[in-house]
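Let me begin by presenting the structure, written as structure tokens, before commenting on it.
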Amino acid sequence: MTSLQTTLLSQAKDSELLEKAKRASEDYLRERGNGPVYPDETRLADLQVFDTPLPESPQDPHVMLDLLIEKGAPATVHHSGGRYFGFVNGGLLPSTLAARWVADTWDQNAALFVMSPIAAKLEQVAQNWLVSLLGLPPESVAGLVGGTSTATLCGLVAARNHLLKKLGHDVTAEGLFGAPNLRVIMGTQTHGTVKKALSILGFGEAHIEWVDADAQGRMRADALPSLDERCIVVLQAGNVNSGAFDNFSLLCKAANEAGAWVHVDGAFGLWAAASSQFNPLTQGVQLADSWSVDGHKTLNTPYDNGIIICRHAEALTNALHQQGSYIQLSEQRDSMLYTPDMSRRARGIDLWAAMYTLGKTGIAGLMEQFHGLAVYLGGQLEKCGIAPLNDIVFNQVIIQGIDDAHTMRILATVQQSGDVWCGGANWMGSAVIRLSVCSWQTTQADIDTLVSTLAACYQQTPAD
Ligand SMILES: *Cc1c(COP(=O)(O)O)cnc(C)c1O
């Protein structure tokens, strides 16, 4: 045995190491919520302790853990608690954290069935549950990726190759050399990650056919250009600012009739399809060809959980397949066929655990809870003279000050408060404050804290 092995073996036998990690995690879950949502200057300055040279030799893992616990934890942004309303950062279900701990210990590689039958099994089960829960076509398959950005990339590469194949061009063999031109049609309110994916895939921004949005950020169905079999249409379930949903029934029908491909960016909003309460929003969404959605936003799984769902299994796997003499495919699920990556952790376990422990009514209930609290938030803000700018159809609320400068000053004051945290954006040409309700922990009392903090910040911030 080498001396390094002896050192690592003694670490493996040191039960106190994992005990300490467990105690610290429990303390964090119990106590971090009482502290500021966002770390103050002192805690941020403390991060300097990590600026050390790479150690010359192995170090005591207890010293490493103590550093994380003493200096890392206080500097975390507590977005899994009840008072964080920034971005659309979801909370953390305790059950999925527990599942993740166990699965991390297993250290499974989810690439192939032969590498991890349990990872393959739970991914398959999670896929089946998801497709049925969201009411998507039963032949749909799902790939588990890091987030919606990658999921959208997967949906669009499947779209590109599938449409080109139907036009007689094989992208796998020929690349884009000599390929017929495709058309990309999307709303002016499309999320930035879609543009990034299109750019990676060789679709220039200058060629995108932009469709005007209505006052809520929905693609205007009456402004849709005439479609054909060369079109990829990108729609969204949940505008990142307003939470608005595109009119899927109308738009998908037009696309289907033309032989176009529809991709739906449903990062946080697609889960609305789990509750009949949101039927008017999600109606027709099943008529699309591919969908991207996150587990780590409104479903509240831990991070690193994005999903591409595609009704054309072959289009997805043809676009993402890879060969190698050592790759041993099976008759079972080989998850690497559905994603760009090969080796990766078993993300399906988090997703399975979240869906198993919430069940159908729990998932629907969580979305309804976010919506109910967002509506309550809008009502309370209105009472303070801060009227929301959007129709609160899901979990997003946007507000603003008298002008952009005023809005930005209010936002800075809120962010410095430490009581709550929210972010800003540009909405229809002016600065806004975005409030997103997406943690299971958020209660009505947390919304009251948010409203009183916002009201105080408005009051103490004079307009110029
Ligand atoms: C968050 C978000 C994305 C990006 O998802 P990631 O998981 O961060 O990659 C894309 N679209 C919308 C509408 C989003 O809210």
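Note that the structure is a prediction, hence the values are computed from the model and not measured. The basis for the numbers below is simple: all heavy atoms, side chains too, and nothing from hydrogens, waters or symmetry mates. Order of appearance sets the numbers: ligands from 1, and atoms from 1 within every ligand.
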- Is the backbone of T443 close enough, under 3.5 Å, to the side chain of D446 for a donor and an acceptor to pair up by distance? yes

- Message: I'd like to know if the side chain of E205 pairs up with that of S199 as donor and acceptor (distance under 3.5 Å, no hydrogens or angles considered).
- Response: no

- Message: Would the distance check show the side chain of N390 and the main-chain N or O of S242 forming a donor-acceptor pair, the cut-off being under 3.5 Å?
- Response: yes

- Any side-chain donor-acceptor pair under 3.5 Å between H312 and D289? yes

- Message: Taking non-hydrogen atoms within less than 4.0 Å of ligand 1, which protein residues qualify?
- Response: G147, T148, S149, H191, T193, G238, V240, D265, A267, F268, D294, H296, K297

- Please determine, by modelled atom types, if N109 and S116 share a side-chain donor-acceptor pair under 3.5 angstrom. no

- Task: May I have the step-by-step check of side-chain hydrogen bond (donor to acceptor under 3.5 Å, both in side chains) for Q236 and D246, ending in yes or no?
- Result: CA-CA 6 Å; Q236 61 186 351; D246 283 334; 5.3 Å; no

